[in-house]
Asks: 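A single structure is presented below for examination.
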Amino acid sequence: MVKKKVGVLVSGRGSNLQALLDASSDPAFPAEIVLVVSNVAGAFALERAAKAGVPTCVVSHKDYASREAFDAVMDGHLRAAGVEIVCLAGFMRLLSSSFVRGWEGRMINIHPSLLPSFKGLHTHAQAIEAGVKLHGCTVHLVTSDLDDGPILVQAAVPVLADDTPDSLAARVLEQEHKAYPQALRLLAEGKVTVEGRRALIHGPGVNIPVNPAP
Ligand code: GRF
């Protein structure tokens, strides 16, 4: 099998990167991670990549005068590594529209809410504050609007009466680690087409959300 080459952009602890690394260690997984790029030099995600034998590079946004200049350097690293799919995994910088256009249909992000609810930061606090009974995560194709773009996979968890943002985050994170590899698999296998705002998933049984037990 020819695996799709994946570049992962990170800024922090990298638990979603770890889930992608673990999934791609399976010879049957249709994608391999060939490069991890961090904008933060000390990010723990870099250690995870190194441990898995995956090349890394640090591109600090602080070294560039503009977002476009920073993105262009990242783009150069990704293209030099032959990357075909970009995964954002806790990457905490907004991307310029030219970078997003360059990876249109080939760049995915994981967001810790059931989009389109609770875009932006502090999603678990937002969910508790709103009193929703279900919360979760979304993997979506990246467009130039923040936390928008066609949805590939969602997973839901219950919100419990005594949840704090941290306890809820932990419950959602467990699902993130399942949803992200699932979405990458779909994209790498060419099972995704986009129609308007919707991602259509082709193939049997591939788009089943993970729902809480009744
Ligand atoms: C995750 O909750 C992800 O959904 C959000 O940022 C967090 C990153 O966590 N985009 P990690 O670095 O993958 O552990």
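Every heavy atom of this structure was used, including side-chain atoms; hydrogens, water molecules and symmetry mates were not. In this text the structure is predicted, and so the values were computed from the model without any measurement. Each ligand, and each atom within it, is numbered from 1 in the order the structure gives.
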Asks: For the 3.5 Å polar cut-off, considering only N or O atoms, please tell me whether N109 and ligand 1 meet it.
Replies: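 The answer is no, given that N109 and ligand 1 share no N or O pair closer than 3.5 Å.
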
Asks: Would D148 and K119 pass as an ion pair if we require N to O under 4.0 Å?
Replies: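 Salt bridge flag = yes for K119 with D148.
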
Asks: Looking at atom 12 (O) of ligand 1, what's its closest protein heavy atom, distance included?
Replies: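 Here the closest protein heavy atom is G14 N, 2.8 Å.
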
Asks: Does a donor on one side chain sit under 3.5 Å from an acceptor on the other, for S60 and N39?
Replies: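 Absent: no donor and acceptor within the cut-off.
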
Asks: Please work out whether the ring planes of H124 and H135 are parallel, tilted or perpendicular, with thresholds of 30° and 60°.
Replies: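 Judged by the thresholds at 30° and 60°, the geometry between H124 and H135 is perpendicular.
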
Asks: Nearest non-hydrogen contact with atom 11 (P) of ligand 1 belongs to which option: C137, S15, S11?
Replies: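 Residue with the shortest heavy-atom distance to the ligand atom: S15.
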
Asks: Measure the distance from atom 8 (C) of ligand 1 to every protein heavy atom, then report the residue, atom name and distance (to 0.1 Å) of the closest one.
Replies: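 Protein heavy atom at minimum distance: G90 CA, 3.6 Å.
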
Asks: Does Q154 reach the main-chain N or O of L115 with its side chain, forming a donor-acceptor pair under 3.5 Å?
Replies: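 Side chain of Q154 to backbone of L115: a pair is present.
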
Asks: State whether a side-chain donor-acceptor pair under 3.5 Å links H111 with H140.
Replies: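 Absent: no donor and acceptor within the cut-off.
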
Asks: Which residue and non-hydrogen atom of the protein lie closest to atom 10 (N) of ligand 1, and at what distance in Å?
Replies: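 The closest one turns out to be I110 O, 3.0 Å.
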
Asks: Quick one: look up the protein heavy atom nearest atom 3 (C) of ligand 1 and list residue, atom name and how far away it is.
Replies: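 Answer for atom 3 (C) of ligand 1: E176 OE1, 3.2 Å.
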
Asks: Which heavy atom of V83 sits nearest a heavy atom of G7, and at what distance?
Replies: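 It is CG1-N, 3.5 Å.
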
Asks: Which residue and non-hydrogen atom of the protein lie closest to atom 9 (O) of ligand 1, and at what distance in Å?
Replies: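 In this structure, atom 9 (O) of ligand 1 has R13 NH2, 3.2 Å as its nearest protein heavy atom.
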
